[in-house]
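Have a look at the structure below before the remarks.
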Amino acid sequence: MKIAIAQLNPTIGDIQGNANKILKAADRAASEGVRLLLTPELSLSGYPPRDLLIDPNFVATMVEQLSELASKLPEGVAVLVGTVEPNAGAISTGGKPLFNSVALIEKSNILKVFHKRLLPTYDVFDEDRYFEPGNQPNQFELDGVHIGVTICEDLWNDEEFWGKRTYTLNPIADLAQAGVKFTINLSASPYTVGKQKLREAMLRHGALRFNQPLIYANQVGGNDDLVFDGTSIAIDKKGELIARAVGFEEDWLVLEYNREKQDFEKSSIVAPPDCEEAELWSALVLGVRDYACKCGFSKIVLGLSGGIDSSLIAAIASEAVGKENVLGILMPSPYSSDHSIQDALDLARNVGIQTQTLAIGTVMECFDHTLNPLFAGTPFGLAEENLQSRIRGTLLMAVSNKFGHLLVSTGNKSEIAVGYCTLYGDMNGGLAAIADVPKTKVYKLCEWINRSQEIIPMNVLVKPPSAELKPGQKDQDSLPEYDVLDDILDRYIHQHQSPAEIVKAGHEAAIVERVVKLVRISEFKRKQAPPGLKVTDRAFGTGWRMPIASRWIAQI
């Protein structure tokens, strides 16, 4: 029996377009003699559809499209399609109105509909808001083979692997007890750095524990702040990896089930990225490309300062949409150094993008003149510094509005964490591409980009980082060294360590206290920031739910 994984990149809400992708995959499956075709979780709607699920017309369209798709599928192929199904008993039982489901379709008929049993409600997930959990193991027979079906989170509750249970039941264990020959998992599992190693370890454990093969079919593509890496895999019952799809792009993977061995034969195994930077680069490029494309943008504009963050964004954008579709705007002020202007021009030349220079000195003078009745007699300070950033942000938005370009902001995670960014200035934009990338990782990414030739000018890598909003300014005038700052932020944000624990780890109490305070008081800025691509397990996005008006102060 041949089984194929169609690793698809759906667009949320494009139900017709997504159905066409599934149909195209089914036609290919039929031509290659595939008996069972797997598609990702909610492949018909795209994941996550969020509050589109509240719209009755959206749900009705999915139901209609599923029936129409069934009528068009080729003979001889059974297809599993991710969809939603209305919960007919919701009114009488008080349950949620929908199920997160998978439909088994064959010979133009929807034979069975399986419901997701474990509904994640943490981090970026909010499935309990919409869905009722399924209440029974999902299984079916195809040509005499007993097959188990799970949906994404159903796979993630093995108490032996995790050392605990998040939910009261384990769908994989239930299916093993029911005697299935193998279990498939249809997923829309968002990417974070290093997550694939965890997935593969978890599947190996499950295959060995229950002595059955496991197949994991994952969505790929960028949807808003989430990036899905695909990297679908199959594990045989001995716990060996026997198939791996390519990461960060659509792919097609065919498996052969051996009835005598009751196991799968070894198939194509694509090598993973050779380092964390290569993996992260692919995620960021995919996230920017799909955000632009799915939002209807073909061109990108960004501010080029000659600094390392804008240099990285320029490289990512040119890879994502093509260098001919990227415009870098230089906006020097009287405080801009000659080397920063030259670094920006060198970067643009190396990457191959267009540039335009809009000097802001005269605009600054106009602002100073207008504000003089109020500001006269006061010392130069943050208000005047931030005017430069806000002038630049206004100019960039004007270019975006005039020509329909997507403005990508250039702030990194370290700066956004402590508020080293300006509202209505450098935070302007439709997407914050590296908002989940710490400053130290920005440097490592740029060094990786330069592994074969100099793309990021060497001076950008070695000069002290500076916003250049006043003469001789350096980031470290007001922030700790970035290796110190990033370690504190990692411990506080990702590891949930208390300030006291961070101090015990070797950091100065005064610095820790100041960084933690900056994180807390900068919440209002993050709430107004553009969406940022999530690439870690704790991003300032959908899953970050901190209050703005709060008096909680963690004590050292």
Side-chain angles (χ1 to χ4, degrees), residues 2-10 25 34 36-43 47 79-82 100 102 114 116-118 120 125 137-139 147-158 161-162 170-176 180-192 194-221 226-257 263-272 279:
K2 279 187 177 181
I3 297 176
I5 298 173
Q7 184 171 283
L8 302 177
N9 182 351
V34 169
L36 177 63
L37 174 64
L38 314 181
T39 69
E41 176 183 17
L42 292 184
S43 52
Y47 187 94
V79 184
L80 288 169
V81 177
N100 182 339
V102 169
F114 310 109
K116 188 173 184 176
R117 303 187 69 192
L118 306 183
F125 305 107
N138 296 314
Q139 52 197 305
I147 302 170
V149 178
T150 57
I151 305 173
C152 204
E153 188 80 356
D154 292 345
L155 184 68
W156 293 75
N157 196 40
D158 188 324
F161 181 79
W162 297 104
N170 182 352
I172 303 294
D174 290 348
L175 290 169
V180 302
K181 298 304 181 184
F182 61 88
T183 295
I184 61 178
N185 181 264
L186 308 184
S187 275
S189 177
Y191 165 79
T192 57
K195 190 174 184 179
Q196 183 62 16
K197 291 181 181 178
L198 177 64
R199 292 185 190 128
E200 293 186 10
M202 180 178 64
L203 264 74
R204 286 191 184 99
H205 177 90
L208 287 170
R209 178 183 176 186
F210 300 112
N211 191 34
Q212 64 165 280
L214 296 172
I215 304 174
Y216 166 81
N218 193 28
Q219 173 179 288
V220 71
L226 302 183
V227 179
F228 298 85
D229 57 309
T231 324
S232 303
I233 57 172
I235 306 288
D236 68 17
K237 62 184 180 182
K238 293 176 289 188
E240 297 295 324
L241 179 72
I242 56 166
R244 183 194 290 124
V246 69
F248 306 103
E249 60 185 77
E250 290 190 323
D251 202 9
W252 177 259
L253 197 58
V254 177
L255 304 162
E256 185 75 48
Y257 180 70
D263 210 345
F264 286 93
E265 305 291 347
K266 192 170 184 177
S267 185
S268 170
I269 301 177
V270 176
E279 177 185 304

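Along the sequence shown, residues carry numbers from 1.
- Separating the CD1 atom in Ile269 from the CG atom in Leu253 is a distance of 9.5 Å, to the nearest 0.5 Å.
- Ring geometry for Phe264 versus Phe182: interplanar angle over 60°, hence perpendicular rather than tilted (30 to 60°).
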Practice task
Give the C-alpha distance, both sets of side-chain angles, the deciding distance and a yes or no for side-chain hydrogen bond (donor to acceptor under 3.5 Å, both in side chains) between Gln219 and Ser187.
Solution key: CA-CA 6 Å; Gln219 173 179 288; Ser187 275; over 6 Å; no

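- Of the charged side-chain nitrogens involved, none lies within less than 4.0 Å of a carboxylate oxygen, so that Asp263 and Lys238 do not count as a salt-bridged pair.
- Identified under the salt bridge (Lys or Arg N to Asp or Glu O under 4.0 Å) test for residues 201-219, with sequence neighbours left out: Asp158-Arg209, Glu159-Arg209, Glu160-Arg209, Glu200-Arg204.
- Side-chain contact between Asn218 and Pro40: absent, with no pair of heavy atoms (C-beta onward) separated by less than 4.5 Å.
- Taking the six-membered ring where the residue is Trp, Tyr191 and Phe248 present perpendicular rings, their angle passing 60° and hence far from 30°.
- Taking 4.5 Å as the limit, some side-chain heavy atom of Trp162 sits within range of a side-chain heavy atom of Met202.
- Contact of the Thr150 side chain with the Leu175 side chain is registered, since non-hydrogen atoms from C-beta on lie closer than 4.5 Å.
- When all heavy atoms of Pro272 and Arg244 are compared, the closest pair comes out as CD-NH1, 3.3 Å.
- For Ala4, the side chain to side chain contact (heavy atoms under 4.5 Å, CB included) criterion is met by Val34, Leu37, Trp252, Val254, not counting sequence neighbours.
- Only one option out of Tyr216, Tyr47, Phe228 pairs with Ser189 in a side-chain contact (heavy atoms from CB on, under 4.5 Å); it is Tyr216.
- A distance of 7.0 Å separates CG in Asp251 from OG in Ser268, rounded to the nearest 0.5 Å.
- Counting only residues at least two apart or on different chains, no salt bridge (Lys or Arg N to Asp or Glu O under 4.0 Å) pair has a member in residues 182-191.
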Problem - Worked check of salt bridge (charged side-chain N to carboxylate O under 4.0 Å, His left out) between Asp236 and Lys266 - result: CA-CA 9 Å; Asp236 68 17; Lys266 192 170 184 177; over 6 Å; no

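- With a 6.0 Å cutoff to the six-membered ring centre and a 45° limit on the axis angle, Lys116 does not count as a cation-pi contact of Trp156.
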